[in-house]
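Structure, as structure tokens:
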Number of protein chains: 2
Amino acid sequence: MQELPIKITTDCNLYLKNPETSELGQRIVTNSIELINELGFEAFTFKKLGKKIKSNESSIYRYFESKHHLLVYLITWYWSWLEYRLVFATSNILDPEERLRIAVEIITKKVEQDFAFGYINEVLLFNIVIDEGSKAYYTKDVDEENEKGFFKPYKRLIKRLSDMVLGVNPNYIYPEMLMSTVIEGARKQRFFTEHLPGLTTTIKEDKDTIVSFFIQLVFHNLKNNV
Amino acid sequence: MQELPIKITTDCNLYLKNPETSELGQRIVTNSIELINELGFEAFTFKKLGKKIKSNESSIYRYFESKHHLLVYLITWYWSWLEYRLVFATSNILDPEERLRIAVEIITKKVEQDFAFGYINEVLLFNIVIDEGSKAYYTKDVDEENEKGFFKPYKRLIKRLSDMVLGVNPNYIYPEMLMSTVIEGARKQRFFTEHLPGLTTTIKEDKDTIVSFFIQLVFHNLKNNV
DNA sequence: TAAAATTAATAGTATTACTTTTATATTTGC
DNA sequence: GCAAATATAAAAGTAATACTATTAATTTTA
């Protein structure tokens with residue numbers, strides 16, 4: 001079994017039993033990604049997942065308290081993976097502008113290649129992030145779940161990006177707001193491109209309009225704030 | 001009965017019977033806004049609403065096919081109301097920059113005052129837009145619902161805003177993307193401010209950080225695109 | 001005032017998320 | 001190597017959900 005460099009720690013309170021630690025746990029994660037992709041989160045149930053992995057509904061409940069917990073786990077895994085890639089891609093870049101440019105590119109671009117990180121298919125997971133991502137926090141229980149630590153990894157990612165913003169312009173006063181607007185905005189524009197094109201812009205000559213737009217947005221904004 | 005200047009037309013296919021046209025219909029709308037605020041959309045049911053308006057679950061189904069249809073109706077009413085206010089506030093402004101500034105302010109600022117438009121409480125409706133707004137389109141049926149015309153009023157609003165952007169800078173190439181990023185981004189930042197402050201920035205001295213941020217974002221971006 | 005339309009009430013369906021219980025494997029400590 | 005702890009599977013059950021169908025009562029209107 002391959003070790004994954006991305007760990008969702010216990011202090012996030014996202015699982016009852018760490019799915020990394022058993023074959024069944026891994027099968028739950030792998031197959032839930034496939035099944036949520038196929039059915040959408042609302043139609044996805046632990047019963048159907050149990051059938052798919054030739055196990056039982058009640059066994060899945062040993063790992064995740066609810067299907068909502070499982071969704072948050074998957075989305076969190078994605079943010080942690082993004083942060084990992086971000087650190088990796090920018091570690092040798094000394095120029096702050098170049099660092100930020102690379103960072104914005106990574107957080108806004110499509111995931112098209114399966115990085116084959118263990119039992120997780122990143123391309124399918126990316127689709128879930130686009131289509132179902134905001135369901136992780138649009139709940140009546142956000143505040144409670146936030147206190148439990150559910151969103152720590154996401155906050156850490158935003159913090160890291162904000163620091164890069166300040167590296168380019170230490171006087172900029174909205175670093176967190178800018179970066180969460182970019183990361184969430186890019187997700188939304190992807191969704192619009194796919195389903196509601198009237199709400200977005202696509203430039204045919206551009207390989208990725210969403211990436212270009214957000215890079216321009218960030219840098220034009222920072223340059224005017226001296 | 002006061003006439004509402006905001007009409008959700010039949011070609012949006014959002015209702016079975018227009019709730020404006022009867023007292024029961026209006027009670028359904030008024031009270032659903034209160035009840036969704038109170039319980040959140042997931043815990044809200046037609047059964048509970050029926051009890052609240054001292055009518056019956058099945059009667060509500062005569063107006064709205066499902067609770068999802070009702071939610072989309074409410075959100076759509078909000079977009080139409082925003083557009084109405086937008087047109088009203090900018091109709092006499094000739095300077096394109098000033099027009100756009102006013103527009104961005106209107107679409108990003110909080111609704112704190114009940115405009116007392118008939119039977120709709122705009123402050124409560126605004127809360128629903130913040131907390132549940134994106135549930136209107138994050139569904140497996142988006143494409144189908146889009147074809148039915150569910151999102152026409154929202155698209156019209158984005159179109160109108162894009163035209164104002166082009167009024168300021170005719171060479172700007174991402175008008176729709178910029179405006180939907182602003183409108184959706186402002187909603188999300190409001191939610192973060194309330195529930196996940198680690199993902200956003202708040203400046204105490206500023207009366208409304210979200211408005212200031214987005215105005216700056218738009219204008220710095222447009223000025224660098226000649 | 002009769003017909004049409006609207007509303008109310010009841011009861012029903014299939015499915016959902018999740019729990020409980022019990023039995024059977026599998027792993028682990030000694 | 002075997003008992004004890006743990007993990008898994010299976011079945012059955014619960015309360016609630018979203019929605020439908022039917023029927024009856026009430027209101028509107030022609």
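Note on naming: letters A, B, ... go to the chains in the order of the sequence lines (proteins, then strands), and numbering restarts at 1 for each one.
Straight-line distance from the NE2 atom of His68(A) to the C1' atom of dC18(C): 16 Å, rounded to whole Å. In this structure, CG of Asn56(B) is placed 7 Å from P of dA8(C), rounded to the nearest angstrom. Regarding Tyr61(B), its OH atom lies at a distance of 14 Å from the C1' atom of dG12(C), rounded to whole Å. For the pair Lys140(B) NZ and dA18(D) P, the interatomic distance rounds to 21 Å; values are reported in whole Å. Rounding to whole angstrom units, CZ of residue Phe46(A) and C1' of dC18(C) are separated by 10 Å. Put simply, NZ on Lys47(B) is 14 Å from P on dT13(C), counting in whole angstrom units. Between the P atom of dA5(C) and the CZ atom of Arg62(B) lies a distance of 12 Å, rounded to the nearest Å. Residue Leu49(B) contributes atom CG, which lies 15 Å from atom C1' of dC19(D) at whole-angstrom precision.
Residue Lys51(B) qualifies as open at atom NZ: its count of foreign heavy atoms under 6.0 Å is 12 or below.
A centroid separation of less than 6.0 Å is found between the aromatic rings of Tyr138(A) and Phe191(B).
Contact check on Glu42(A) versus Lys135(A) returns a salt bridge, with a Lys/Arg side-chain nitrogen under 4.0 Å from an Asp/Glu carboxylate oxygen.
If you find the closest nucleotide of DNA chain C to Glu23(B) and to Glu57(B), the one lying nearer the 5' end belongs to Glu23(B).
Closest to the Tyr63(A) side chain, of the nucleotides dC19(D), dA7(D), dA8(C), is dA7(D). The listed nucleotides are dA9(D), dA7(D), dT10(C); the one nearest the side chain of Ser55(A) is dA9(D). Side-chain atoms of Thr45(B) lie closest to dA18(D) of the nucleotides dC18(C), dA18(D), dT8(D). Nearest nucleotide to the Ser58(A) side chain, out of dA10(D), dT17(D), dT19(C): dA10(D). In this structure, the nucleotide among dC18(C), dT20(D), dA8(C) sitting nearest to the side chain of Ser66(A) is dC18(C). You'll find that the side chain of Lys17(A) is closest to dA7(D), out of dA7(D), dA8(C), dC19(D).
Between Lys54(B) and the phosphate of dA8(C), there is no side-chain N or O to OP1/OP2 separation shorter than 4.0 Å. Side-chain N/O atoms of Lys48(B) include one lying less than 4.0 angstrom from OP1 or OP2 on dT17(D). OP1 or OP2 of dA18(D) lies within a sub-4.0 Å distance of a side-chain N or O belonging to Lys67(B).
Distance NZ/Lys140(B) to CG/Leu39(A): 7.5 Å, rounded to 0.5 Å.
A ring pair (Phe, Tyr, Trp, His ring centres under 6.0 Å) with His69(A) is found for one member of Phe46(A), Phe150(A), Tyr61(A) and no other, namely Phe150(A).
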